[in-house]
Amino acid sequence: MYGLVDGNNFYCSAHRSFDPTLEGKPIVVLSNRDGNIVARSNEAKALGIKMGQPFFETRELREQHDIVVFSSAYELYGDTSSRLMSVLTQFAPDVEVYSIDEAFLWIEEYRGTYPTYQDLGIAIREKVDQWLRLPVCVGFGPTKTLAKLANRLAKKTPELNGVCVLDTPEAITEALAEFPVKDLWGVGSRYAAKLKQHDITTAAQLRQVPDDWINSLMTVNGLRMVHELRGFPCKMLEVSPPARKTICTAPGFGKLIPDLATIADALTTHLCRCCEKLRKQDSLCGAITVFLHTDRFRKTPGNGLPSRQYAGSITLTLPHPTNSTTELLTYAESGLKAIFRFGYNYLKVGIMLSDLVPGDYRQKGVFVDGPNEKLLALSSVVDKVNRRYGQDKLRLASQQYNPDWPMKQQYLSKRYTTRWEDILEAK
DNA sequence: TCTGGGGTCCTAGGACCC
DNA sequence: TCTGGGGTCCTAGGACCC
């Protein structure tokens with residue numbers, strides 16, 4: 001059996017877990033730059049606030065109700081996530097961390113302290129509540145797709161008390177009968193619309209379609225999904241997820257920026273973040289993409305410039321793979337100079353690293369130099385120092401310390417578990 | 001009347017996930 | 001005034017190889 005444990009309104013709950021006065025209040029969490037709403041507590045959902053809704057559209061609602069607002073605090077969510085995952089490993093040896101707030105468990109043959117999956121699910125919920133003060137729901141099924149579906153039912157159906165077990169053909173048939181096809185794992189809005197054209201709106205209907213028909217409509221992914229609905233596993237547990245194939249860092253500026261020098265500073269900072277991620281998974285990259293663009297929503301002039309749009313990007317293939325920040329900075333800067341145009345208000349500059357290879361990969365060839373081993377070693381030492389003493393304690397001279405493009409984060413909360421100065425006080 | 005049978009690599013487009 | 005930031009996979013078509 002597969003289990004899926006998923007945090008309820010995870011980001012909101014992470015804030016609540018350290019501040020009990022938030023209990024029962026509507027909470028929203030904002031995207032980077034305080035732009036959109038990316039998480040809502042049940043109370044906020046009840047007020048009609050939509051996922052992804054632009055924050056500014058909710059002003060009227062905020063005047064009418066006492067809504068608590070947080071800028072996104074990824075340090076807090078990341079640390080809360082790893083604490084959640086470590087609790088889950090106590091219940092099953094094989095855990096696949098699927099996203100920041102959910103994990104698949106594989107229970108080969110249940111022989112634990114708990115006589116049934118129902119009991120196991122209840123125990124997981126209680127332990128997570130006791131140790132983390134975090135609400136989760138648990139779904140069990142013979143395939144990952146069915147475990148996902150069970151989890152969804154656990155969340156939507158209050159009578160289930162957060163646990164849903166699909167362990168018999170009868171239970172599965174009953175669960176699929178009314179389950180909307182658009183809520184299935186792997187069916188987005190496009191496929192849902194296509195399926196509706198063929199009068200397929202429930203999972204039960206989808207389970208019965210012919211293989212070649214679904215294969216031609218939704219490719220092999222759709223075929224796998226239908227097999228999983230029938231109870232035949234096609235997706236295995238990935239306990240140690242494969243290394244990323246691309247790594248991207250591209251947060252927007254806090255305000256519109258017209259000048260190259262400031263953008264180049266931001267680029268340096270983004271590149272440092274990006275390279276840290278690259279080295280964290282012990283990879284080298286063989287190509288680097290730099291892109292920048294204006295604010296596509298903005299219709300008004302600013303900084304003495306007319307309102308007009310521009311987007312540019314360039315990909316540079318490196319002579320040899322590397323993960324050295326200093327080495328990559330040279331390419332990033334020349335890429336930026338190639339695509340930068342004067343006379344625009346820019347919203348964002350971004351970096352993407354691709355053609356990733358393992359860290360011990362060394363290209364051999366007559367005309368090919370290897371990476372500069374000294375620079376690789378330097379970057380690795382910088383990472384170690386910064387991990388111990390704090391981000392950017394050691395940084396490139398070209399990286400500004402007080403940037404001119406401050407991230408707009410008006411509603412910052414404390415990082416209770418990752419900053420000494422934010423630690424909770426007990427009285 | 002009739003025109004082979006294997007491959008690889010790259011890109012663009014279209015889906016999806018959180 | 002104000003609209004996020006990461007990722008993955010599959011397919012078709014074109015170009016090339018022998």
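What's counted below: heavy atoms across the whole structure, side chains too, no hydrogens, waters or symmetry copies. Labels below follow one simple rule: chain letters A, B, ... track the order of the sequence lines, proteins then strands, and each chain is numbered from 1.
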Q | Closest to side chain of A:Asp295, choosing from B:dC17, C:dT3, C:dG6 | A | C:dT3
Q. Taking atom P of C:dG5 as reference, at what distance in whole Å does atom CD of A:Gln409 sit?
A. 11 Å
Q: Take A:Glu57 and A:Ile247, find for each the nucleotide of DNA chain C with the closest heavy atom, and name the residue whose nucleotide sits nearer the 5' end.
A: A:Glu57
Q: In whole angstrom, give the distance that lies between atom CZ of A:Phe56 and atom P of C:dT1.
A: 11 Å
Q: Check whether any side-chain N or O of A:Arg296 sits under 4.0 Å from OP1 or OP2 of C:dT3, and answer yes or no.
A: no
Q | Nearest-Å distance for atom pair NZ/P, residues A:Lys235 and C:dT8 | A | 15 Å
Q.
Can you tell me which nucleotide in C:dG5, B:dC18, B:dA15 comes closest to the side chain of A:Lys194?
A. B:dA15
Q) Checking all strands, does A:Leu217 fall into the base, sugar-phosphate, or nothing category for heavy-atom contacts under 4.0 angstrom? A) nothing
Q) For the pair made of CD in A:Glu96 and P in B:dC18, what is the distance, rounded to whole Å? A) 12 Å
Q | Touch class at under 4.0 angstrom, heavy-atom based, for A:Arg224 against every strand present | A | sugar-phosphate
Q. Counting any heavy atom closer than 4.0 Å, what does A:Asp34 reach on the DNA or RNA strands: base, sugar-phosphate only, or nothing?
A. nothing
Q) Would you say A:Lys148 reaches B:dC18's phosphate, i.e. side-chain N/O to OP1/OP2 under 4.0 Å? A) yes
Q) Within the structure shown, what part of the strands sits under 4.0 Å from A:Lys348 by heavy-atom distance: base, sugar-phosphate, or nothing? A) sugar-phosphate
(Q) Strictly distance-based, threshold 3.5 Å: is any side-chain N or O of A:Ser13 a donor or acceptor partner for the main-chain N or O of A:Asn8? (A) yes
Q. So is A:Lys144 actually on top of A:Phe104's ring, under 6.0 Å and inside 45° of the axis?
A. yes
(Q) I want to know whether A:Tyr411 and A:Phe70 have ring centres closer than 6.0 Å. (A) no
Q: Could you work out which one of C:dT3, C:dT8, B:dC16 sits closest to the side chain of A:Thr246?
A: C:dT8
Q) What nucleic acid atoms does A:Ser72 come within less than 4.0 Å of, heavy atoms only: base, sugar-phosphate, or nothing? A) nothing
(Q) Between A:Arg244 and C:dG6, is there a contact of a side-chain N or O with OP1 or OP2 at under 4.0 Å? (A) no
(Q) A cation-pi test, strictly: NZ or CZ of A:Lys235 under 6.0 Å from the centre of the six-membered ring of A:Trp185 and no more than 45 degrees from its axis. Yes or no? (A) yes
Q) For the pair made of CG in A:Leu347 and P in C:dG4, what is the distance, rounded to whole Å? A) 8 Å
Q: Can you figure out which of B:dC17, C:dG4, B:dC16 approaches the side chain of A:Tyr98 most closely?
A: B:dC17
Q) Do A:Tyr77 and A:His15 have their ring centres less than 6.0 Å from each other? A) yes
Q) Do the side chain of A:Arg40 and the main chain of A:Ile49 share a donor and acceptor less than 3.5 angstrom apart? A) yes
Q. Under 4.0 angstrom, heavy atoms only, what part of the nucleic acid is A:Gly252 near: base, sugar-phosphate, or nothing?
A. sugar-phosphate
Q: When you get a sec, tell me which of B:dC16, B:dC18, C:dC9 is the closest nucleotide to the side chain of A:Glu102?
A: B:dC18
Q: Look at the side chain of A:Tyr191 and decide which nucleotide, out of C:dG5, B:dA15, C:dC10, has an atom nearest to it.
A: B:dA15
Q: Starting at atom OH of A:Tyr74, determine the distance to atom P of C:dG7, rounded to an integer number of angstrom.
A: 12 Å
Q. Of the options A:Leu267, A:Ile314, A:Ile339, A:Ile257, which is the one that meets A:Leu292 in a side-chain contact (heavy atoms from CB on, under 4.5 Å)?
A. A:Ile339
Q: Report which part of the nucleic acid A:Arg298 touches: base, sugar-phosphate, or nothing (heavy-atom distance under 4.0 Å, all strands).
A: sugar-phosphate
Q.
So if I take every side-chain heavy atom of A:Val38 and compare against C:dT3, C:dG4, C:dC9, which nucleotide ends up nearest?
A. C:dG4
Q.
Once you apply a heavy-atom cut-off of 4.0 Å, does A:Thr249 come out as touching a base, just sugar-phosphate, or nothing?
A. sugar-phosphate
(Q) In this structure, how many angstroms lie between the C1' atom of C:dG6 and the CD atom of A:Glu276, rounded? (A) 16 Å
Q. A:Asn36 has a side chain; which of C:dT3, C:dG7, B:dC18 sits nearest to it?
A. C:dT3
Q.
Using the side-chain heavy atoms of A:Asp101, tell me which of these nucleotides is nearest: C:dG5, C:dG7, B:dC18.
A. B:dC18
Q.
Taking C:dC18 as the reference, what is the distance to B:dT3 when you measure between their P atoms (whole Å, please)?
A. 25 Å
Q. If you look at every strand shown and take non-hydrogen atoms under 4.0 Å, does A:Ser71 touch a base, only sugar-phosphate, or nothing?
A. nothing
Q) Between the side chains of A:Glu327 and A:His320, is a donor N or O closer than 3.5 angstrom to an acceptor N or O? A) yes
Q) What nucleotide, of B:dA15, B:dC17, C:dC10, holds the atom closest to the side chain of A:Thr219? A) C:dC10
Q. For A:Phe55, which contact category applies under a 4.0 Å heavy-atom criterion: base, sugar-phosphate, or nothing?
A. nothing
Q. Taking the six-membered ring for Trp, are the ring centroids of A:Phe342 and A:Tyr310 within less than 6.0 Å of each other?
A. no
Q: Would you kindly give the NZ-to-P distance between A:Lys245 and C:dC9, to the nearest whole Å?
A: 4 Å
Q: Using a 3.5 Å limit on both pairing distances, list the dot-bracket string of DNA chain C from the 5' end; Watson-Crick and G-U wobble pairs count, crossing pairs take [ ], interstrand pairs take |.
A: ....||||||||||||||
Q. Think A:Lys255 has a side-chain N or O under 4.0 angstrom from the OP1 or OP2 of C:dT1?
A. no
Q: Select from A:Thr300 and A:Ala243 the residue whose nearest nucleotide in DNA chain C is closer to the 5' end of that strand.
A: A:Thr300
Q.
Both conditions, 6.0 Å and 45 degrees, for the charged tip of A:Arg62 above the ring of A:Phe55: are they met here?
A. yes
